[in-house]
Amino acid sequence: MKFLVFKKETFIFFLAVGIMLTAISAWFLFKAGDTAVFNQQSEDTVREIHMVTGEFKTTMKNGNQLEAYRWDPGTILVEKGEKVNLYISGINGEKHPFHIEGTNIKGVVGKGEEVLVPLQFNKEGTYRLICETHSNRKHNGPMIAYIIVD
């Protein structure tokens, strides 16, 4: 019969390491005074949303090319009355003149440029961000993003 024998110093070492690991784990799990709060916004806070212009391109077996332009992200969720700064970066396509349906908001984003569009909707609904250059399939679209106000 074999027994596992620890010296007193070895036992104290493992006990000290165990206590230290327990203390460190407890500190990370229960950081005193820290409170995680998600999506809390004050009245003065302006939320930033970043969007890019994107292009999908492929060559068919017959040699014809297909292109489609999109806003990314394609859907944005905004609270009614929330202040939002929408930053649109032009990545693909030379320029994209756009408007937001149901509003007076319009602008143009060019390749390599970033456009700031301040938003605040006081009416719930779905608003479409439409690129006027790529408004339908004939023009490699439709390039439409949806702004859902809840």
Side-chain angles (χ1 to χ4, degrees), residues 11-150:
F11 177 76
I12 291 174
F13 172 77
F14 282 115
L15 182 63
V17 169
I19 291 171
M20 285 179 56
L21 288 175
T22 303
I24 291 170
S25 298
W27 183 77
F28 278 112
L29 289 173
F30 306 110
K31 287 183 187 178
D34 288 355
T35 305
V37 179
F38 299 98
N39 296 328
Q40 181 179 1
Q41 299 174 358
S42 71
E43 291 289 323
D44 300 329
T45 302
V46 179
R47 183 165 61 119
E48 290 185 2
I49 298 174
H50 296 268
M51 177 180 275
V52 298
T53 60
E55 174 187 18
F56 295 95
K57 192 175 196 176
T58 189
T59 303
M60 305 289 288
K61 289 182 182 179
N62 63 7
N64 291 342
Q65 287 193 342
L66 291 177
E67 293 180 3
Y69 285 89
R70 296 285 180 253
W71 302 107
D72 187 28
T75 303
I76 297 170
L77 302 176
V78 176
E79 295 292 323
K80 179 179 167 184
E82 179 182 16
K83 293 178 184 177
V84 173
N85 281 337
L86 176 61
Y87 292 91
I88 306 174
S89 296
I91 305 298
N92 296 106
E94 287 307 309
K95 65 174 152 171
H96 301 279
F98 64 87
H99 69 275
I100 299 177
E101 200 173 55
T103 72
N104 294 327
I105 300 171
K106 56 173 84 174
V108 177
V109 61
K111 190 174 198 169
E113 299 175 355
E114 183 176 66
V115 174
L116 168 62
V117 182
L119 301 174
Q120 185 174 22
F121 296 95
N122 294 319
K123 184 178 177 189
E124 293 181 355
T126 301
Y127 298 83
R128 298 187 319 160
L129 171 63
I130 302 171
C131 174
E132 295 166 2
T133 302
H134 307 289
S135 60
N136 57 41
R137 188 147 170 87
K138 181 179 174 185
H139 296 103
N140 302 324
M143 186 175 179
I144 297 173
Y146 298 93
I147 303 169
I148 300 172
V149 181
D150 203 14

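Numbers for residues simply follow the sequence, beginning at 1.
- Minimum heavy-atom separation, Val115 to Val108: CG2-O, 3.2 Å.
- Annotation: side-chain contact (heavy atoms from CB on, under 4.5 Å) contacts of Glu48 (sequence neighbours excluded): His50, Tyr87.
- Distance CG/Asp72 to OG1/Thr53: 9.5 Å, rounded to 0.5 Å.
- By the side-chain contact (heavy atoms from CB on, under 4.5 Å) test, Ile148 pairs with Thr75, Leu77, Thr126, sequence neighbours left out.
- Across all their heavy atoms, Ile76 and Met51 have their closest contact at CD1-CE, 3.4 Å.
- Closest approach of Ala145 and Pro73 over heavy atoms only: CB-O, 4.2 Å.
- Expressed to the nearest 0.5 Å, how far CZ of Phe121 lies from CD1 of Ile100 amounts to 5.0 Å.
- The distance from the OG1 atom of Thr103 to the NZ atom of Lys123 is 12.5 Å, given to the nearest 0.5 Å.
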* Asked: For Ile144 and Glu101, what are the C-alpha separation, side-chain angles and deciding distance, and is it a side-chain contact (heavy atoms from CB on, under 4.5 Å)?
  -> CA-CA 10 Å; Ile144 297 173; Glu101 200 173 55; over 6 Å; no
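- Of all the heavy atoms in Trp71 and Met143, the pair that sits closest is NE1-O, 3.2 Å.
- In this structure, the side chain of Arg70 engages the main chain of Pro142 through a donor-acceptor pair within 3.5 Å.
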Which atom pairs, one a donor and one an acceptor, fall under 3.5 Å between side chains of residues 13-25 and the rest of the protein, sequence neighbours left out?
residue: Thr22; atom: OG1; partner: Gly18; partner atom: O; Å: 2.8
residue: Ser25; atom: OG; partner: Leu21; partner atom: O; Å: 2.9

Indicate every side-chain donor-acceptor pair of residues 60-69 with a distance under 3.5 Å to a residue at least two apart or in another chain.
residue: Asn62; atom: OD1; partner: Asn64; partner atom: N; Å: 2.9
residue: Glu67; atom: OE1; partner: Asn140; partner atom: ND2; Å: 3.4
residue: Tyr69; atom: OH; partner: Glu55; partner atom: OE2; Å: 3.4

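- Considering all non-hydrogen atoms of both residues, Val46 and Val84 come closest at CG1-C, 3.9 Å.
- Of all heavy-atom pairs spanning Thr133 and Pro97, the tightest one is OG1-CD, 3.0 Å.
- In this structure, CD on Gln120 lies 9.0 Å from CD on Glu82, to the nearest 0.5 angstrom.
- Residues that satisfy the side chain to side chain donor-acceptor pair (under 3.5 Å) test with Glu132, not counting sequence neighbours, are His99.
- Rounded to the nearest 0.5 Å, atoms CG (Leu129) and CG (Leu119) are 9.0 Å apart.
- Atom CG of residue Leu86 and atom CD1 of residue Ile105 lie 9.0 Å apart, to the nearest 0.5 angstrom.
- For residues 103-116, no pair satisfies salt bridge (Lys or Arg N to Asp or Glu O under 4.0 Å), with sequence neighbours left out.
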